[in-house]
Amino acid sequence: AFVKEHYGENYMAAGEPAKKNAGKIQDAHEAIRPTDISLTPVMVKESLPRDLFRLYQLIWKRFAASRMAPAVYETTMVKIRGGNQLFSAAASRLSFDGFMSVYVDADDEEEKGQTMGAMEKGSALTSEMEVFFQVCPCKIIAVTGSDGKTTTTTLIAEMLKNAGYTVHLGGNIGKPLLSEAGSMSPDDIAVLELSSFQLMTLSASPDIAVFTNLSPNHLDIHKSMEEYALAKENIFSHQGENDLAIFNRDNDLTHAMVCRAPGRVLQFSRLTSLEEGVFVDNGTIVVAQNGKKRPLFSTDRILIPGEHNVENYLAAIAAVQGLVPDDVILHTAETFPGVEHRIELVRTLHGVRYYNDSIASSPTRTIAGLRSFPQKVILIAGGYDKKIPFDVLGQAVQDHVKTLILTGHTADKIRQAVLSSQGYQKGQPTIVMEEDFSQAVLTASRMAEDGDVVLLSPACASFDHFKNFAQRGQTFKAIVNGL
């Protein structure tokens with residue numbers, strides 16, 4: 001009914017479930033409610049024609065950004081007559097046979113099985129992001145990496161906005177952009193954060209690709225570290241000779257990728273001077289291009305704390321060279337307050353500062369957070385097990401933590417990593433195990449003294465007890481603000 005309203009009788013609802021629930025489908029707009037579900041195209045043999053893209057815009061706005069009540073949602077789909085395309089909100093209840101494009105919930109195991117079967121019959125695996133790359137009319141800047149993606153992506157977008165550009169921020173951050181592509185101008189700029197899952201099937205690369213760093217992550221999903229790294233490489237592997245790829249010189253894995261970039265290359269470094277790129281020299285950020293070196297500003301002008309945020313700025317500055325004036329970059333550095341859940345100061349109570357770093361879902365991310373403070377902290381860590389090693393975290397905890405409070409499924413793994421680290425001495429740090437997350441926060445508060453820092457930086461994903469890292473961070477902030 002929704003599609004007929006916009007496209008007439010050339011489009012029809014299809015399938016027995018839809019026929020049986022026709023009345024519910026007609027009233028679908030009344031049942032919409034928010035959800036985190038992401039409907040993505042997983043099979044397509046050719047680019048979407050213009051009229052189909054317009055239809056997809058409507059479907060995306062109605063279904064992907066919202067969700068109908070289960071009784072309606074599980075039975076609603078649209079088939080385009082003659083186009084051999086199926087849009088389904090519950091495709092696992094249907095057969096994929098005979099359809100060129102199917103839009104499904106990529107987290108459904110049954111749908112994954114049907115997807116594999118369709119691929120074996122000749123369908124190609126793709127994604128919403130790949131379709132966006134096909135239809136986007138403007139320059140695309142995209143960011144990936146194991147850590148720092150969201151902050152770097154946001155920084156690039158903020159710098160461009162401050163310079164007067166119309167910016168579309170999306171991908172793994174913000175909102176899906178496909179439904180907005182039709183209204184984008186060639187002079188606009190799309191800034192995307194791309195995860196390994198979004199990159200796995202991508203057969204196109206952005207005009208400017210930024211690779212912040214690479215370390216083991218998501219090995220509960222990827223078959224191996226090699227598969228994870230290869231997925232990430234898609235951000236630059238399809239670039240042309242005039243496109244730009246930006247790499248972290250201080251990360252051995254990303255530095256090794258430089259020789260595989262098909263286009264132009266810039267590197268950034270917090271530790272090493274570069275002949276070409278963006279680096280730190282005696283506390284000053286310097287841009288080196290075409291044989292000339294140009295100092296920008298001191299790193300202490302950056303409002304958000306941490307050496308890792310200096311690296312995020314280096315990556316962002318490299319990405320906007322030739323697009324954003326130096327004075328606008330400095331203004332952004334002095335005024336940008338950071339992104340929620342990233343070393344976010346929640347409250348100071350009785351001389352104790354409480355920081356929310358819930359985004360830290362890997363050991364390297366937590367290590368970066370620990371290095372942001374000049375003193376040893378009270379650290380709350382632990383969570384969902386992504387099957388990544390915690391060895392590197394053990395030494396960092398010894399060096400930067402006075403009290404370690406562990407909770408969640410990985411609590412014992414992290415504890416063993418600390419006990420096994422070189423030079424460990426009993427009681428340095430004090431280790432406390434708490435099954436309940438709320439109790440872990442209360443224990444940290446009880447043990448903290450005037451001048452201490454309490455840091456939530458879990459080094460793990462949140463799925464053992466929370467919907468996502470944001471819910472975990474909000475829970476932490478609610479407990480702290482209730483002390």
Side-chain angles (χ1 to χ4, degrees), residues 36 38 129 132 140-162 167-177 189-199 206 208-215 217-218 228 231-232 235 246 248 251 254 268 302-320 332-333 335-346 355-369 372 383 386 455-463 466-474 476-477:
D36 280 341
S38 176
M129 188 53 63
F132 175 73
I140 298 176
I141 302 175
V143 180
T144 197
S146 298
D147 301 321
K149 294 187 299 295
T150 300
T151 298
T152 301
T153 305
T154 307
L155 282 173
I156 292 170
E158 288 298 310
M159 291 176 185
L160 291 167
K161 287 178 186 176
N162 291 340
V167 178
H168 304 275
L169 178 65
N172 201 43
I173 179 178
K175 57 187 176 182
L177 294 180
I189 299 179
V191 182
L192 311 176
E193 175 188 323
L194 297 180
S195 70
S196 59
F197 311 121
Q198 290 168 311
L199 286 164
I208 300 175
V210 181
F211 211 137
T212 59
N213 48 60
L214 187 63
S215 61
N217 208 345
H218 301 300
Y228 173 60
K232 291 286 194 182
I235 198 168
I246 296 165
N248 186 343
N251 183 275
T254 55
F268 64 92
I302 296 174
L303 181 61
I304 53 178
E307 294 177 343
H308 63 295
N309 278 320
V310 173
E311 294 178 1
N312 293 335
Y313 264 96
L314 297 176
I317 291 168
V320 301
T332 305
T335 58
F336 178 66
V339 184
E340 188 180 17
H341 308 299
R342 291 152 178 84
I343 315 185
E344 172 193 9
L345 177 61
V346 178
Y355 285 88
N356 166 30
D357 193 32
S358 182
I359 188 62
S361 59
S362 67
T364 52
R365 195 68 181 258
T366 294
I367 291 169
S372 300
K386 294 196 289 184
L455 173 66
L456 169 67
S457 191
C460 303
S462 58
F463 307 129
F466 300 96
K467 180 180 176 181
N468 51 40
F469 76 87
Q471 186 186 61
R472 177 172 62 189
Q474 293 290 354
F476 175 74
K477 291 198 289 183

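Numbers for residues simply follow the sequence, beginning at 1. Since the model is a prediction, treat every value here as computed from it, not as a measurement.
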Check the pair M159 / I317 against side-chain contact (heavy atoms from CB on, under 4.5 Å), numbers first and verdict last.
-> CA-CA 9 Å; M159 291 176 185; I317 291 168; 4.1 Å; yes

To the nearest 0.5 Å, what is the distance between CD1 (I140) and NE2 (H168)?
-> 11.0 Å

Just checking, is any N or O donor in the side chain of T212 or T152 under 3.5 Å from an acceptor N or O on the other one?
-> no

Non-hydrogen side-chain atoms of N248 and E311 separated by less than 4.5 Å | yes

I235 side chain reached by P206 side chain, heavy atoms, under 4.5 Å | yes

For S146 and Y228, test the side chains for any donor-to-acceptor distance below 3.5 angstrom and give the result as yes or no.
-> yes

Kindly give the heavy-atom pair with the smallest separation between H308 and S372, and that separation in Å.
-> CE1-OG, 3.1 Å

Before giving the answer on side-chain contact (heavy atoms from CB on, under 4.5 Å), spell out for I173 and T154 the whole-Å C-alpha distance, their side-chain angles and the decisive distance to 0.1 Å.
-> CA-CA 9 Å; I173 179 178; T154 307; 3.5 Å; yes

For residues T366 and P458, report the shortest heavy-atom separation together with the two atoms involved.
-> OG1-C, 3.9 Å

For the atom pair CD (E344) and CG (L456), what is the distance rounded to the nearest 0.5 Å?
-> 10.5 Å

Quick one: pull up CE in M129 and OG in S195 and give me the separation to the nearest 0.5 Å.
-> 8.5 Å

Drop me the distance from Y355's OH to I343's CD1, to the nearest 0.5 angstrom.
-> 9.0 Å

Heavy-atom nearest pair, D357 first then R365, reads OD2-O, 4.3 Å

Spacing of L455 atom CG and F476 atom CZ [to the nearest 0.5 Å] | 7.5 Å

Donor-acceptor contact below 3.5 Å, side chain N213 vs main chain N251 = no

Taking all non-hydrogen atoms of both residues, which atom of A231 and which atom of S196 are closest, and how far apart?
-> CB-O, 3.7 Å

Under a 4.5 Å cut-off applied to non-hydrogen side-chain atoms, are L192 and L177 in contact?
-> yes

Kindly indicate whether the side chain of E340, heavy atoms from C-beta on, has any atom under 4.5 Å from the side chain of Q474.
-> yes

For F469, does its backbone N or O pair with a side-chain atom of S462 as donor and acceptor, under 3.5 Å?
-> yes

Of all residues at least two apart in sequence or in a different chain, which pass the side chain to side chain contact (heavy atoms under 4.5 Å, CB included) check with Q471?
-> F466, K467, N468, T475

Check against side-chain contact (heavy atoms from CB on, under 4.5 Å), T153 and L169 = CA-CA 8 Å; T153 305; L169 178 65; 3.5 Å; yes

Determine the sole option in H341, R342, R472 for which the side chain to side chain contact (heavy atoms under 4.5 Å, CB included) test with N356 is passed.
-> H341

About how many Å separate CG of L214 and NZ of K232, when rounded to the nearest 0.5 Å?
-> 7.5 Å

Has the side chain of K149 got a donor or acceptor atom that lies under 3.5 Å from a matching backbone atom of G145?
-> yes

With side-chain contact (heavy atoms from CB on, under 4.5 Å) as the test, would you mind laying out the steps for Y313 and L155 before giving the verdict?
-> CA-CA 7 Å; Y313 264 96; L155 282 173; 3.3 Å; yes

Residues in side chain to side chain contact (heavy atoms under 4.5 Å, CB included) contact with N309, at least two apart in sequence or another chain = T151, I304, N312

